[in-house]
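These notes concern the structure reproduced below.
Heavy atoms only: backbone and side chains are in, while hydrogens, waters and symmetry mates are out.
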Amino acid sequence: MTVAGGHGQGDAANQLYGPHGLSVDDGQTVVIADYGNHRIIQWKKGTTTNGQVVAGGNDQGSELNQSNWSRHVLIDKETDSLIICDSGKKRVVRWSRRSGTEQGEILIDKIGCYGLAMDDQAYLYVSSAQKHEARLYQLSEKNGILVAGGNGQGTSTNQLNNPHYLCVDPQQNVYVSDEGNNRVVKWSKGAKEDIVVAGGQGDGNAVTQSAYPNGLFVDALGTLYVAESKNDRVMRWVQGAKQGTLLVGGNSRGAEANQLDSPLGLSFDRQGNLYVAEYGNNRVQRFSIA
């Protein structure tokens, strides 16, 4: 079912404009990086008519009360705040979730961020499509530690090509959607090279392939979930598998309930429901996964 947007492209309270990354809190409130509207907007459970702007929404700009091409948002439960990749101004910003908050604070600046992830120890991971790398940050520090890529753009096992989203497992292994290489790679903690865990067999729609992988999620068993924006589907890859299993979409590009259009963001709630942000349909869909 549609839980956010779905009323065409626009900036009204019931619309989205090219949604990217998203997160879901314990109360099933969906928080969305509304990329084209330069804002972060949330939809509470059961509220299907209008969302609530919780960061930005004051036109495009560089002030602390503005967002600029927001690509991803995380919910930091420990501080009850949002961590936002404000890619247009090359910064990572924190906004409190408390009512009345009117501006954010810069955590990391001068960074071409795309995807964000946080591990159990509250370390922040940031991917840079411009530098073809991902870094780990302690939130009190400005200089990150390289954890993936960093050897220029390429196809080798120590390189990335336009990395987008990422996720982290409890062992601090980092999974990166290596979009330009049509694969998802795993960088074990401290590793100098990656392991392909999804795709890597060229650009195509076979179950062994992954075309333009974006949003990622890894569960406690090491099973990986991948949103493929070109194939309009979400695939599930069991650890060690050579091919994935179709989970949702894959019924050609469209706006029906069983179709997707350029899915980017992907997340799960604690009840095991899957949420997918569709760039092309300007909506977020929730799927009950058996």
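Counting only distance, with no hydrogens or angles, the side chain of Thr29 and the backbone of Lys44 share no donor-acceptor pair below 3.5 Å. Under the 3.5 Å distance criterion, the side-chain polar atoms of Asn181 are left unmatched by any main-chain donor or acceptor of Arg183. Checking side-chain atoms of Asp169 against main-chain N and O of Gln171 turns up a donor-acceptor pair under 3.5 Å. With hydrogens and angles disregarded, a donor-acceptor distance shorter than 3.5 Å links the side chain of Asn173 to the backbone of Lys189. The backbone N or O of Ser252 lies less than 3.5 Å from no partner atom in the side chain of Asp232, so there is not a single donor-acceptor pair. For Ser127 (side chain) and Gly115 (main-chain N/O), a donor-acceptor pair under 3.5 Å exists by modelled atom type. Listed for the Gln159 side chain is a donor-acceptor partner under 3.5 Å among the backbone atoms of Asn151. With hydrogens and angles disregarded, no donor-acceptor distance shorter than 3.5 Å links the side chain of Glu179 to the backbone of His164. The closest donor-acceptor contact from the side chain of Asp269 to the backbone of Gly272 lies under 3.5 Å. A donor-acceptor contact shorter than 3.5 Å is absent between the side chain of Ser188 and the backbone of Ala191.
Val207 and Ile289 fall into different hydrophobic clusters, where Ile, Leu, Val, Met, Phe, Trp and Tyr are joined by side-chain heavy atoms under 4.5 Å apart, directly or via other members. Leu74 and Tyr123 sit in two unconnected hydrophobic clusters of ILVMFWY residues. Membership requires side-chain heavy atoms under 4.5 Å apart, directly or through other members. Hydrophobic clustering keeps Leu116 apart from Ile106 (ILVMFWY residues linked when any side-chain heavy atoms are closer than 4.5 Å, directly or through intermediates). By the rule that hydrophobic residues join a cluster once side-chain heavy atoms approach within less than 4.5 Å of another member, Val185 and Val168 end up as members of one cluster. Residues Val53 and Leu82 do not share a hydrophobic cluster, defined by chaining ILVMFWY side chains whose heavy atoms lie under 4.5 Å apart.
Residues Lys77 and Asp26 are paired through a salt bridge, judged by an N-O separation under 4.0 Å between the basic side chain and the carboxylate. Contact check on Asp109 versus Arg91 returns no salt bridge, with no Lys/Arg side-chain nitrogen under 4.0 Å from an Asp/Glu carboxylate oxygen. In this structure, Arg135 pairs ionically with Glu133, as a charged nitrogen and a carboxylate oxygen lie closer than 4.0 Å. In summary, Arg98 and Asp80 do not engage in a salt bridge, as defined by a charged side-chain N under 4.0 Å from a carboxylate O. Lys186 has no carboxylate O lying under 4.0 Å from a charged side-chain N of Asp194, or vice versa, which leaves the two without a salt bridge.
For the pair Pro213/Asp178, no side-chain contact is recorded, criterion being any heavy-atom separation below 4.5 Å from C-beta on. Looking only at side-chain heavy atoms (C-beta outward), His20 and Cys85 stay at 4.5 Å or farther from each other. At a threshold of 4.5 Å between non-hydrogen side-chain atoms, the residues Val226 and Ser210 count as touching. For the pair Thr2/Val284, no side-chain contact is recorded, criterion being any heavy-atom separation below 4.5 Å from C-beta on. When side chains are defined from C-beta on, Lys45 does not count as touching Val3, because their heavy atoms never get closer than 4.5 Å. Put simply, the side chain of Leu260 does not reach to within 4.5 Å of the side chain of Asn281, judged on heavy atoms. Residues Val92 and Ile111 are in side-chain contact: their nearest non-hydrogen atoms beyond the backbone lie under 4.5 Å apart. The shortest distance between side-chain heavy atoms of Gln42 and Arg97 falls below 4.5 Å.
Aromatic pair Tyr137/Tyr125: ring centres not closer than 6.0 Å. Between Tyr165 and Tyr114, the ring center distance clears the sub-6.0 Å criterion.
Cys167 and Ala117 get closest at one heavy-atom pair: CA-CB, 4.0 Å. Gln172 approaches Asp119 most closely through the heavy-atom pair NE2-OD2, 2.9 Å. Closest approach of Arg283 and Gly6 over heavy atoms only: CB-N, 3.5 Å. Across every non-hydrogen atom of Asn162 and His132, the tightest pair is N-ND1, 3.0 Å. The minimum heavy-atom distance linking Ile41 with Ala13 is given by the pair CD1-O, 4.1 Å.
To the nearest 0.5 Å, atoms CG (Leu246) and CD (Glu228) are separated by 9.0 Å. Separation of atoms CG (Leu124) and CD1 (Ile108) is listed at 5.0 Å; rounding is to 0.5 Å. With values rounded to the nearest 0.5 angstrom, Leu136 atom CG is found 5.5 Å from Ile145 atom CD1. In this structure, Asn214 CG and Arg71 CZ are separated by 9.5 Å, a value rounded to the nearest 0.5 Å. In this structure, Ser177 OG and Leu160 CG are separated by 9.5 Å, a value rounded to the nearest 0.5 Å. Rounded to the nearest 0.5 Å, atoms CG (Leu107) and SG (Cys113) are 11.0 Å apart.
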Kindly determine whether Ile32 and Trp43 satisfy side chain to side chain contact (heavy atoms under 4.5 Å, CB included), including the steps that lead there. CA-CA 8 Å; Ile32 306 154; Trp43 257 265; 4.0 Å; yes
Evaluation steps, side chain to side chain contact (heavy atoms under 4.5 Å, CB included), between Tyr225 and Met235: CA-CA 6 Å; Tyr225 300 82; Met235 299 290 285; over 6 Å; no
Under the side chain to side chain contact (heavy atoms under 4.5 Å, CB included) rule, what do Gln285 and Glu278 come out as? Steps first, then yes or no, please. CA-CA 8 Å; Gln285 295 278 83; Glu278 298 177 65; 3.0 Å; yes
Test side chain to side chain contact (heavy atoms under 4.5 Å, CB included) on Leu216 and Val184 and set out the steps. CA-CA 9 Å; Leu216 300 177; Val184 179; 3.9 Å; yes
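Within 6.0 Å of atom OH in Tyr212, 12 or fewer heavy atoms from other residues, nucleotides or ligands are found, so the atom counts as exposed in its surroundings. Counting heavy atoms of neighbouring residues, nucleotides and ligands inside a 6.0 Å radius, atom CD of Gln271 exceeds 12 of them. Tyr17 OH: 12 or fewer foreign heavy atoms inside a 6.0 Å radius. Within 6.0 Å of atom CD in Glu102, 12 or fewer heavy atoms from other residues, nucleotides or ligands are found, so the atom counts as exposed in its surroundings.
Using cut-offs of 30° and 60° for the angle between ring planes, the Tyr279 and Tyr35 rings count as tilted.
A donor-acceptor pair shorter than 3.5 Å cannot be found between the side chains of Asn251 and Gln259. Using a 3.5 Å distance cut-off with no hydrogens or angles, the side chains of Gln60 and Asn68 do pair a donor with an acceptor. No side-chain N or O of Glu193 forms a donor-acceptor pair with one of Asn158 less than 3.5 Å apart.
Sequence neighbours left out, not one pair with a member in residues 237-248 passes side chain to side chain donor-acceptor pair (under 3.5 Å).
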